Amino acid sequence: MNIPKQIQNIYNGDPRVVSLLGMQKKPKKDELLRNSIFIYKLYINNHYLFFHTLTRQILFTEPETIEWFIGGKKYPQDVLQNETAAWLYDHYFLVPEDEKESRTYMEVKDLIILKENRSDEMTNYVILPTTACNARCFYCFENGMRYRHMTEETIQNTIHFILNHRPSHNHIHIHWFGGEPTVVPKIIDRICDSLMESGIELDSEMTSNGSLLDEILSKRAKEKWRVNKIQITLDGMEEEYIKRKRYISTVKDPFKTVISNIHHLLKEDIRTAIRLNADENNIGELYRCVDFINQEFSLEEKKKMVVYARSLFGHPGCPVGFGADELEEAVNDLNHYIVKNGITPKDVFFVLKLKSSFCMVTVPENGTVIDAEGRLFACEGMPDNLRYGDIKNGIDPNLWKRIIKQDRIRKHCETCAFLPQCTEFSRCLNKKEFDFCRRQEERVLKNDLCYTYSFFADREKQKEREQQKQISSETDIQH
Amino acid sequence: MKIKKGYIMKPLSGEYIVVTVGEAGKEFNGMIKMNATGAFIWNAILKGADTKERILSSMMKAYEDLDEATAKQDLETFFETAKMALED
């Protein structure tokens, strides 16, 4: 069926999902219809944007066209006589009343994962060579943790553990985390050297404060540790940065040093993500920081950089979660400012593609965290309830069973419009703030959708301009 | 007859779908949609019914009100639809 002229189909949807689902099959006789739970609608430029969070299809229409569709009513099947309604039904915006959409989502996700041909081999490691750090950030999630480096025994056991789980293709990815990993470069050397001598190919990324990554260490990170991506945090401009990071005396002029080190890292072609940690006291400061970054780094350097803001404090239970609503709004605005300034290109990919995996806890078979004491965790936040053994004694089968248990959608999430782009809360035992989570998903999606809409609108305008140009050049030739 | 390696059937929105994984994806990268009868036949083959007669017999056992002519017709439709997923 052709698309009704009242609807503009901005994006057809994720081709993988669309081809799996095909057109929706006809409803059973006398079955009522309703709007899909997976519709998120946004009023924009006096029009409605309808986004299907499962198929990722985006429609744009005038309010009058679709007035009947906006409420949460139930419709008799006669409504399908209307060509717009019939089209919306074919494309899953209207569904039979008893349709189990959350089940369909899980089935689609399972099929997509199956087609990805994922192996169940261990290929991703988050390693904490130390919990020690040369900064004393007031917000550090490791506050209160004992500072310790990996012992010789733990280093050996880490190497053995990785070699014992060697994937068939021999390639692994390591995320160096801490503490500050660059405080113990020799431990990183040891692990990398031993693995590579044993025929393991590796590439790595690092979360660091950047203070020790001078020209020499940046080179070593690139060449010896195979670091191709690094995340460095800036909490504000010089004065605020120093106040918040509270470096111990060995780091002189920390802000200037870190900025200079970011230049070194970029020179080594190490992609650098600058994370701006926000709380209610430094948001204004972070806007200045964004302006500074824009000035300080060349266009070429900025191509290798990503700048983004995140709230500082996790919501209850989740060690890598979100902050409070007001702060999240402010962070959202700041991220918008970063994109508007062209520092970080916004990727429409997040909106257009259905995600099949989320944080590391959703694919525990493929990765693990090894902390400085050799304990194994399924989450980089390292909460006790996601610990499942240690490198010396191995994986505890009972704890492992709990972590890898089959995905099940929790009751609260079954009717949530954002379910297909969320972790469905199944394996993360800590996420329980359902209402907050909904609001956060909506905030992020709203921003992303506005951006996606302007992306497609700009593309349309560009097409029109090119057509116009062609018409006028043809007219010139005729004259 | 048996199901070729790498062909997997999964439920989807009240019906069933067969997709390929691994090496089989090089041979066939599409998908085969099936109804409940097709899924039943698929599972019967997986369980070891390796001839038309055996599959037919398990169909007749499972569905009391099914007549043999319809069952044979369903089976032929299945073989036609799923031929790329089957081997001797």
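On a predicted model such as this, the values are computed, not experimentally measured, just so you know. A, B, ... follow the sequence lines: proteins, then strands. Residue 1 opens every chain.
Contacts between A/Leu111 and chain B at a heavy-atom distance below 4.5 Å involve the side chain alone, from C-beta outward. Residue contact with chain B, scored on non-hydrogen atoms closer than 4.5 Å, is absent for A/Glu101.
Judged by distance alone, the side chain of A/Glu107 and the main-chain N or O of B/Ser13 form a donor-acceptor pair under 3.5 Å. At distances below 3.5 Å, at least one donor-acceptor pair connects side-chain atoms of B/Lys33 with backbone N or O atoms of A/Leu20. Looking at A/Lys100, its side chain never comes within 3.5 Å of a backbone N or O of B/Gly14 through a donor-acceptor pair.
In the displayed structure, A/Phe60 atom CZ is contacted under 6.0 Å by more than 12 heavy atoms of other residues, nucleotides or ligands. By the 6.0 Å contact criterion, NZ on A/Lys26 is open, its count of non-hydrogen atoms from other residues, nucleotides or ligands being 12 or less. Heavy atoms of other residues, nucleotides or ligands lying less than 6.0 angstrom from NZ of A/Lys115 number more than 12. With a 6.0 Å radius and a threshold of 12 heavy atoms from other residues, nucleotides or ligands, A/His165 has its NE2 atom above the threshold.
Distance NZ/A/Lys25 to CG/B/Asn35: 10.5 Å, rounded to 0.5 Å. Considering CG of A/Asp110 and CD1 of B/Ile8, their distance stands at 11.0 Å, rounded to 0.5 Å.
B/Pro11 places none of its side-chain heavy atoms less than 4.5 Å from the side chain of A/Arg103. A 4.5 Å side-chain heavy-atom check between B/Met31 and A/Ser19 finds at least one atom pair inside the cut-off. In this structure, the side chains of A/Glu116 and B/Val21 stay at 4.5 Å or more apart for every pair of heavy atoms.
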